[in-house]
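The structure under discussion appears below in the form of structure tokens.
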Amino acid sequence: MNIDGKAWRTIGVEPHGEAIWVIDQTLLPHQFQLRLLSDLAQVAEAIRTMVVRGAPLIGVSGAYGLMLALQQDPSDAALAQAFDTLLATRPTAVNLRWALERVRDLVLALPEAQRAAAARQEADAIADQDVAMCEAIGDHGLRLFQQLEAARPSERREQPFQVLTHCNAGWLATVDWGTALAPIYKAHRAGMAIHVWVDETRPRNQGASLTAFELAREGVPHTVIVDNAGGHLMQRGQVDAVIVGTDRTSRNGDVCNKIGTYLKALAAHDNGVPFYVALPASTIDWTISDGLAEIPIEARSAREVTHIQGRLASSTATGAIGSTANIDSVQLTPDGSDGFNPAFDVTPARLVTALITERGVAAASEQGLLSLYQST
Ligand code: MRU
């Protein structure tokens with residue numbers, strides 16, 4: 001997607017394959033800076049600290065992390081250790097396990113001398129397939145938006161099609177296009193009048209910082225709202241559809257996504273607003289039949305609740321590529337108050353209107369998923 005007229009992906013390999021580069025998402029939207037990662041420890045740290053984040057991008061980063069580890073030591077023992085180190089970085093998004101298993105299972109069958117090169121090829125393939133899947137999600141989602149728009153009562157058609165999204169499921173969360181934002185980009189590029197309500201998404205504010213950054217750079221009309229405003233807007237008829245991403249979807253269609261997603265689904269249900277979840281196949285966990293009971297929920301540092309990061313209001317930094325911003329963190333809570341920070345929640349399938357995948361749109365149920373994925 002575009003930043004100042006240049007098309008970017010979120011991750012790439014240095015010319016001689018000795019390191020990867022990523023966009024440091026902890027500095028956005030105020031500073032656009034690439035970071036080089038040249039070994040397993042650096043990749044693991046980048047995932048853990050959310051320099052890279054978003055389920056699909058975490059998976060691709062993990063795959064390249066295995067490539068870097070195998071360049072240092074291609075033995076079975078080193079591979080197993082690298083696999084475990086990367087898998088432990090973020091427990092909820094299943095794309096990480098999926099991508100790590102793809103690379104590990106491929107290279108285990110090869111002589112040690114061929115492993116690093118094979119891991120590189122597989123990681124590249126995972127990245128390219130992620131782009132293709134996200135673009136296809138965009139095409140299916142666009143058709144859905146067009147149907148919804150055409151079905152709106154005539155008095156509503158005066159206004160842009162109003163979509164609400166939570167967290168960041170845009171191109172920064174993937175390799176390109178995004179999941180939930182892909183239909184929005186497709187709709188905007190197709191000339192549809194669309195406006196996005198962007199949940200700020202406390203505590204780390206991926207909506208206010210990353211989704212708003214993406215939409216602004218693509219020129220998509222949007223407004224950032226506090227997380228608590230969505231229900232009110234739905235009651236007032238100002239939301240035509242909600243669309244979010246997911247970090248893990250169980251085979252029965254339960255959806256685990258950024259904390260606060262469940263409350264949006266409840267509000268949508270109460271107000272008759274359709275609630276869609278966009279996902280690539282890599283986000284489906286076929287081994288789990290009950291998302292609520294079985295998906296591990298990552299608990300992150302309480303400091304993300306008690307403190308908040310931003311650019312100093314007095315700063316004159318422009319946010320342009322290459323410029324440096326005065327980014328700092330301030331404390332919100334009294335000394336001594338504890339914080340609790342579950343990073344994800346599970347929305348039961350019954351609250352999900354439909355799943356939008358790279359293979360089409362399906363009911364959020366085992367039958368719905370199997371209707372798309374029974375054959376490979
Ligand atoms: O904690 P994060 O920022 O990695 O969480 C990201 C989300 O919850 C996204 O909405 C989800 O990964 C879907 S991304 C395409």
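Here the structure is a predicted model, which means the values were calculated and not measured. Each ligand, and each atom within it, is numbered from 1 in the order the structure gives.
Close contacts between ligand 1 and M50 involve ligand atoms 1 (O), 2 (P), 3 (O) [criterion: under 4.0 Å to a heavy atom]. Those atoms of ligand 1 that come under 4.0 Å of a heavy atom in N168, given as number and element, are 9 (C), 10 (O). Interface of Q206 with ligand 1, defined as ligand atoms under 4.0 Å from a residue heavy atom, comprises 1 (O), 2 (P), 3 (O).
In the displayed structure, R303 atom CZ is contacted under 6.0 Å by at most 12 heavy atoms of other residues, nucleotides or ligands.
Comparing T283, T246, T179, D345 against atom 13 (C) of ligand 1, the shortest heavy-atom distance belongs to T246.
Between A55 and ligand 1, at least one pair of N/O atoms sits closer than 3.5 Å. Residue contacts with ligand 1: I58 is placed with no nitrogen or oxygen under 3.5 Å of a nitrogen or oxygen of the ligand (distance criterion only).
Using a 4.0 Å heavy-atom cutoff, G54 is listed among the residues neighbouring ligand 1. Look at A93 and you'll find every heavy atom at least 4.0 Å from all atoms of ligand 1.
Atom-to-atom distance recorded for I308:CD1 and T333:OG1 is 11.0 Å, nearest 0.5 angstrom. Atoms NE2 and OG1, on H140 and T357 in that order, are 6.0 Å from each other to the nearest 0.5 Å.
F344 carries K258 over the face of its six-membered ring, with the cationic atom under 6.0 Å from the centre and within 45° of the normal.
When heavy-atom distances to ligand 1 are checked against a 4.0 Å cut-off, A278 has no atom that comes that close, whether in backbone or side chain. Only the side chain of R90 comes within contact range of ligand 1, with a heavy atom under 4.0 Å; no backbone atom does.
Closest to atom 6 (C) of ligand 1 among all protein heavy atoms lies R53 NH2, 3.5 Å. In terms of protein heavy-atom proximity, atom 10 (O) of ligand 1 is nearest to N257 OD1, 3.0 Å. The nearest heavy-atom contact from the protein to atom 14 (S) of ligand 1 is A173 CB, 3.7 Å. Closest to atom 5 (O) of ligand 1 among all protein heavy atoms lies K258 CE, 3.4 Å. The nearest protein atom to atom 8 (O) of ligand 1, hydrogens excluded, is given as D247 OD1, 2.9 Å; this is a heavy-atom distance.
F32 and I327 end up in different hydrophobic clusters when Ile, Leu, Val, Met, Phe, Trp and Tyr side chains are linked at under 4.5 Å. Hydrophobic clustering (side-chain heavy atoms under 4.5 Å, transitive across Ile, Leu, Val, Met, Phe, Trp, Tyr) groups I11 together with F213.
When atom types are taken as modelled, the side chain of T10 and the backbone of T174 share a donor-acceptor pair closer than 3.5 angstrom.
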Determine, stepwise, if the pair L86 / L40 fulfils side chain to side chain contact (heavy atoms under 4.5 Å, CB included). CA-CA 8 Å; L86 289 162; L40 166 70; 3.6 Å; yes
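Residue pairs meeting the ring-ring contact (aromatic ring centres under 6.0 Å, His included) criterion with at least one member in residues 156-184, sequence neighbours excluded: F145-F161.
Here L142 is tied to no hydrophobic group at all, with no ILVMFWY side chain closer than 4.5 Å.
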